[in-house]
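Lettering of chains follows the sequences in order, A, B, ..., and the numbering in each one begins at 1.
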Amino acid sequence: MKRIALILMALMMTLLCASCGQASSGGKTAQPETAAGWLELVRENVTFDDTMALSDNAAAVYGIQDEDGYTGDCALLISTMATPEEIAVFRADSVFSTADLTVLAAARMMRQKESYADYAPNEVPKLESAVVRAIGDFVIVCVCADNAKAETLLDSYA
Amino acid sequence: MKKDKLLHAILIAVLILLTAVISVTAARIGRTADIPAPATTTAPASRTQAATTEPQTDSDWLPEIEYDTYTPSEIERENFRSTVILGNSQAQALANFGLIRDADFVTRVGLSIHQVLTSKSDDPPIAQLYGKQYEKAVFIFGENELGWPYPENFIAHYKKVITKVRELNPGVEVYCQEIFPVSAERSEKSENGITNENVRKFNALIEEMCGEIGAHYMKVTDAFFDRDGVLPADAATDGVHFGYDYCKIWAGDLSAYLDTDEAPKTTETPETEPQAEETTLTTEEEETQA
């Protein structure tokens, strides 16, 4: 009897530990497979001060010209320009590698900082803490009201 | 002894029950742990739908994002071909939202009229027009200059820029956008001179300038006025910068203006290019630019 009770208690403790472990590990889901998927993942987990809208003009906004020949999957959620908030996602292709796209993202953040430094200096901290991450084939850029949250989210997928 | 056996039996039954409960709970936690907690946005993105099922894969988890279904007509596309749009952050939004694809944009957040021909770096914005030929040039300025204590300086710089664009593009049709009203709330704040009173004052000068130099004056259409004659509160979160829907209306208005073959009204027929006054910004104006 006592032995049975002990065995059952041990089993119970094991199951308890297993469930806690699973809850705290974050249980990574499959990574989004599209630019839109990544954009939505970030969007649902951060907040914005501005009114945001989706645009299918991501490449042009980031300085990629038609003649550059970029055909990668991309997505853009952008503000009204009252703030520099945005989420941009680009997938590398044969023309632009993730390194190239990361450079483009950094250049855009620099230009935005220059523009907003005079126009709305209180918005510059968002650009200084902007999140730019290369995960797999994708480069994800996030400028929002809580960049730290975006950083934590994306780092969990890196 | 019997009592002991009974107690043992109850204890084992309780343990079995607990084991079963914990097993079920562990299975549930395992399934839900990989869903990030949804966050709320201050203003939800337009044209997206809420997820309704637990995500397992990308296609299962994430809603289809509906991109802009606005497709400009061939007439609208034609109206913007061979067109350059020079302006401020409001104009920049038209490009960012992808509402006008066929025009070239020389726009920047915070761009003021006096910065078009000069720059702290080597390439002033006007340099983007070098080597290109446009049939139409659209100017969207004024919002950032409403705080200038001398509006006549704004007009002087405006004329200078238009003169330069005409030098680079002989025969170009010039269109000047009337400054948009701001919301009542924004006007009340009176920051950097952004008030509807100043908007009206500057617009009167722009309209007069257009008459003098043979430029089209593009009036703001009714959609941008509420019954009190100010920008509707829902047009712009900050009372100045339009959201997607109002930018779309504006893009349509611009297309309609560019579609006309009507010559602009002139009060004089200039025989020579207008001589822009040589003015420099006072320190006060530099400090008050938005």
Margin query: Whether the side chain of N57(A) engages the backbone of A95(B) through a donor-acceptor N/O pair (distance < 3.5 Å, no angle test) should be reported.
Written below: yes
Next item on the list: Measure from the side-chain N and O atoms of T80(A) to the backbone N and O of G243(B), and report whether any donor-acceptor pair falls under 3.5 Å.
Entry: no
Kindly indicate whether the side chain of [X], heavy atoms from C-beta on, has any atom under 4.5 Å from the side chain of [Y].
X: N144(B); Y: Y119(A); result: yes
X: F97(B); Y: I78(A); result: yes
X: Y116(A); Y: V109(B); result: yes

Next item on the list: Answer with side chain, backbone, both or neither: which region of D238(B) has an atom nearer than 4.5 Å to a non-hydrogen atom of chain A?
Entry: side chain
Checklist line | Contact class of A93(B) relative to chain A, heavy atoms under 4.5 angstrom | finding: both
Next item on the list: Counting only heavy atoms closer than 4.5 Å, note whether T83(A) contacts chain B via side chain, backbone, both or neither.
Entry: neither
Check: A60(A) versus chain B, heavy atoms under 4.5 Å apart: side chain, backbone, both or neither?
Finding: neither
Check: Should D66(A) and R101(B) count as an ion pair when the cut-off is N to O under 4.0 Å?
Finding: no
Please report the shortest heavy-atom distance between [X] and [Y], naming the atom on each side.
X: G98(B); Y: S55(A); value: N-OG, 4.0 Å
X: S115(A); Y: R108(B); value: OG-CG, 3.5 Å
X: M81(A); Y: Q92(B); value: SD-CG, 3.8 Å

